Amino acid sequence: GSLTMLVLDEAWLFLKHPVFQDKINEWLKTLRKKNVFVVFATQDVVDAIRSPLFSTVVQQCLTKIYLADPMAETAAMIEAYRAFGLTDAEISTIGRAEMKRDYFYTSPMGTRLFQLDLGKISLGIIGAGDQKMLDGLTDQHGGESGYEYCGDILKAKNIDYSIFMENENTGG
């Protein structure tokens, strides 16, 4: 019923495991009707191409976002990107894109290179992958209604965010 996102990070692991292959094949063909969208994330397009589910992924996952890839215009990678239906010009765009800043979007609505040039604070929050630190914050504040983790995450990562805070002494 309600909009749901199913994220399969390091999707290559799921795509090559027989138990998950059948389930993913079913999900891709049925979950959209149930208001669920599936996100596959993998570092290597070749892993997806080698999967028995490749044709299903291409047909059912109409929106794709490609990371910058300085190897995109090598012979082997050109063929991999072509398998996803990209043109040589689009592959060249991915090859010239800047790592950790540029992303190439494709869908039936069109294509576009866009930037997601996140600063140190944004990356500190969304890249808060230190599970031990996050578990500690949850244990410490889990029962508090409305507790906001952002400040403590940034403190734990030694990121000074004080210039973005209101100055309580000046009322500003």
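This chain uses plain numbering: 1 for the first residue, then up along the sequence. Everything numeric here is computed off the predicted structure, so don't read it as measured data.
- Closest approach of G110 and Y105 over heavy atoms only: O-CE2, 3.8 Å.
- F40 is not connected to V45 by any chain of hydrophobic side-chain contacts under 4.5 Å among Ile, Leu, Val, Met, Phe, Trp and Tyr, and they are in different clusters.
- With a 4.5 Å cut-off on side-chain heavy atoms, V46 and M77 count as touching.
- Proximity of L15 to Q21: side-chain heavy atoms (C-beta onward) are nowhere separated by under 4.5 Å.
- Contact of the D102 side chain with the F114 side chain is not registered, since no non-hydrogen atoms from C-beta on lie closer than 4.5 Å.
- Hydrophobic clustering, with ILVMFWY side chains joined whenever heavy atoms are under 4.5 angstrom apart, groups F84 together with M71.
- No more than 12 heavy-atom neighbours from other residues, nucleotides or ligands sit within 6.0 angstrom of CZ on R50.
- Partners of S92 under the side-chain hydrogen bond (donor to acceptor under 3.5 Å, both in side chains) rule, at least two apart in sequence or in another chain, are E73, R96.
- Side-chain contact check for S51 versus K16: every heavy-atom pair is 4.5 Å or farther apart.
- Put simply, the side chain of T111 reaches to within 4.5 Å of the side chain of E90, judged on heavy atoms.
- In this structure, L31 is a member of the same hydrophobic cluster as L8, with clusters built from ILVMFWY side-chain heavy atoms closer than 4.5 Å.
- Closest of all the heavy-atom pairs between Q60 and L28 is OE1-O, 3.2 Å.
- Linking ILVMFWY residues whenever their side-chain heavy atoms come closer than 4.5 Å, directly or via other members, leaves V58 and W27 in distinct clusters.
- Relative ring orientation between F14 and F20 is described as perpendicular, the plane-to-plane angle rising above 60° on a 0-90° scale split at 30° and 60°.
- For the residue pair D69 and Y81, a side-chain donor N or O sits within less than 3.5 Å of a side-chain acceptor on the partner.
- Here R112 contributes atom CZ and T93 contributes atom OG1; the two are 12.5 Å apart, rounded to the nearest 0.5 Å.
- No side-chain heavy atom of T42 sits less than 4.5 Å from a side-chain heavy atom of D9.
- The environment of CD in E26 is crowded: more than 12 heavy-atom neighbours from other residues, nucleotides or ligands sit within 6.0 Å.
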